[in-house]
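Report on the structure given below.
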There are 2 protein chains.
Amino acid sequence: MTDLKTSARVQAAGAKRQRLMAAAAEVVHRQGVERTTIADIARAADVPVGNVYYYYKSKDELVAAALSEHARQLELLTGRLNQLPDPRERLKGLIEAWVSQRDLAARYGCPTGTLAAELDKRDEGGLDVEAGRVIRLLLKWVEHQFRELGQPEPGGLALTLVGAYQGMSLLANALRDPRIMDREGARLLAWIDSLVAA
Amino acid sequence: MTDLKTSARVQAAGAKRQRLMAAAAEVVHRQGVERTTIADIARAADVPVGNVYYYYKSKDELVAAALSEHARQLELLTGRLNQLPDPRERLKGLIEAWVSQRDLAARYGCPTGTLAAELDKRDEGGLDVEAGRVIRLLLKWVEHQFRELGQPEPGGLALTLVGAYQGMSLLANALRDPRIMDREGARLLAWIDSLVAA
DNA sequence: GTCTATAATCGGATAGAC
DNA sequence: GTCTATCCGATTATAGAC
């Protein structure tokens with residue numbers, strides 16, 4: 001019985017931690033790190049404000065949690081795409097996933113990209129390095145697909161593709177126009193199709 | 001004599017306003033809007049803190065000033081490039097200007113792009129719209145060059161070029177690697193060269 | 001026009017009751 | 001584990017002397 005109670009408590013605690021992590025990712029994406037208060041995240045996660053510090057010792061830890069939530073989402077996506085037999089189809093699936101998020105991107109930009117940009121304006125903490133790691137995760141996966149496609153410079157192509165995504169997200173956001181995601185997404189799909197396997 | 005004294009005073013006042021505007025642009029680029037205090041800008045401009053409010057009634061007005069400073073810099077650059085007779089050379093000159101800023105971009109990102117991204121995370125003020133205007137200024141100029149080159153879809157090409165710039169700046173910044181600016185810059189130059197005039 | 005002192009507010013973090 | 005009350009520092013903005 002104590003075991004049951006304990007595991008239930010642990011699960012509830014784990015659930016709260018997870019809720020806080022997911023809420024941190026969402027709210028920080030919408031408001032940015034600096035404009036997001038602990039209270040904002042607590043409210044979104046439906047956790048009492050003063051209780052947050054039991055799970056995360058500081059605001060920076062919550063931001064780190066948001067970052068790892070983004071990494072988790074990315075791994076979920078690439079995991080799904082890895083089921084596809086053809087690397088070309090995997091890359092096209094990635095682009096389609098980006099385009100499907102057009103409205104969110106037009107309103108708040110790429111979650112990881114905007115977060116990285118904001119964190120790079122601090123010196124302390126080292127959260128900026130953490131953000132770079134998540135972006136590298138994406139770059140490495142894309143590079144791997146280009147290599148499997150037999151492309152000569154997979155690293156350069158990955159930089160171009162991910163850079164195009166970051167750029168189109170920023171422009172869609174700055175101009176508040178989701179159609180930019182459609183337009184550039186279509187161009188990227190055509191580009192991938194045009195690549196000749198070596 | 002009163003005229004002299006008055007004009008001197010006006011000039012000094014104008015000079016302070018300009019110093020504050022330039023300082024706002026620089027400091028906000030490095031630290032971001034939210035982490036920049038009025039005191040930071042005052043110090044950078046060598047103006048007493050309490051005196052700032054004589055020139056700008058609020059922090060938002062200082063941010064707006066930073067934005068128009070970026071617009072001014074952009075007009076200076078395009079004005080110089082307009083001297084070149086060939087639109088293809090003008091576009092290549094723009095790309096070279098971007099690459100020449102690689103170290104700044106790798107440390108703090110594109111001044112206008114990162115500012116736009118940060119401002120888009122607020123609802124109040126309408127400074128986000130102002131940031132969009134500056135980006136549109138650049139897009140329109142680039143579009144004009146592509147049109148003069150006889151390209152069929154100048155608007156789409158402008159979106160691609162400016163998007164590529166924003167993307168490579170963000171990646172260079174997130175990965176702290178200025179060589180990304182060289183690499184992608186070279187690719188863009190080759191792309192412009194490959195375009196066949198219609 | 002210039003500058004100081006200070007008001008007013010806000011948000012991160014902690015202490016400690018339950 | 002949960003939650004309240006509160007401290008403390010920082011920052012925008014203003015009032016008013018010079």
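Source: prediction; values computed, not measured. A note on names: the letters A, B, ... follow the listed sequences, proteins ahead of strands, and every chain is numbered from 1.
- Looking at heavy atoms from C-beta onward, H144(A) lies out of side-chain contact with T78(A) at the 4.5 angstrom threshold.
- Picking from dT2(C), dT14(C), dC3(D) the nucleotide with the shortest atom distance to the side chain of K16(A) gives dC3(D).
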Pull out every protein N or O sitting under 3.5 Å from an N or O of nucleotides 4-11 of chain C, one pair per line with the distance.
none

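- Distance, K57(B) NZ to dA13(D) C1': 13 Å, rounded to whole Å.
- OP1 or OP2 of dT2(D) has not a single side-chain nitrogen or oxygen of Y54(A) nearer than 4.0 Å.
- Contact of the E34(A) side chain with the R122(A) side chain is registered, since non-hydrogen atoms from C-beta on lie closer than 4.5 Å.
- Pairs engaging residues 72-81 of chain A under the salt bridge (charged side-chain N to carboxylate O under 4.0 Å, His left out) rule: E69(A)-R72(A) [sequence neighbours left out].
- R17(B) forms a cation-pi arrangement with Y56(B), by the criterion of a distance under 6.0 Å to the ring centre and an angle within 45° of the ring axis.
- To the nearest angstrom, P of dT12(D) lies 15 Å from CD of E61(B).
- Using a 4.5 Å heavy-atom threshold, the side chains of V99(A) and L189(A) count as separate.
- Regarding contacts with the backbone of dT2(D), a side-chain N or O of Y55(A) is found under 4.0 angstrom from either OP1 or OP2.
- Going from atom CD1 of I41(B) over to atom C1' of dT11(D) covers 13 Å, rounded to whole Å.
- Atom-to-atom, OH of Y53(A) to P of dG1(D) comes out at 19 Å; the value is rounded to the nearest Å.
- Distance R35(A) CZ to dT11(D) P: 15 Å, rounded to the nearest Å.
- Taking atom CG of D46(A) as the reference point, atom C1' of dC3(D) lies 14 Å away to the nearest angstrom.
- Side-chain contact between M168(A) and M181(A) is present, with at least one heavy-atom pair separated by less than 4.5 Å.
- Between Y56(A) atom OH and dT14(C) atom P there is a gap of 17 Å when expressed in whole angstrom units.
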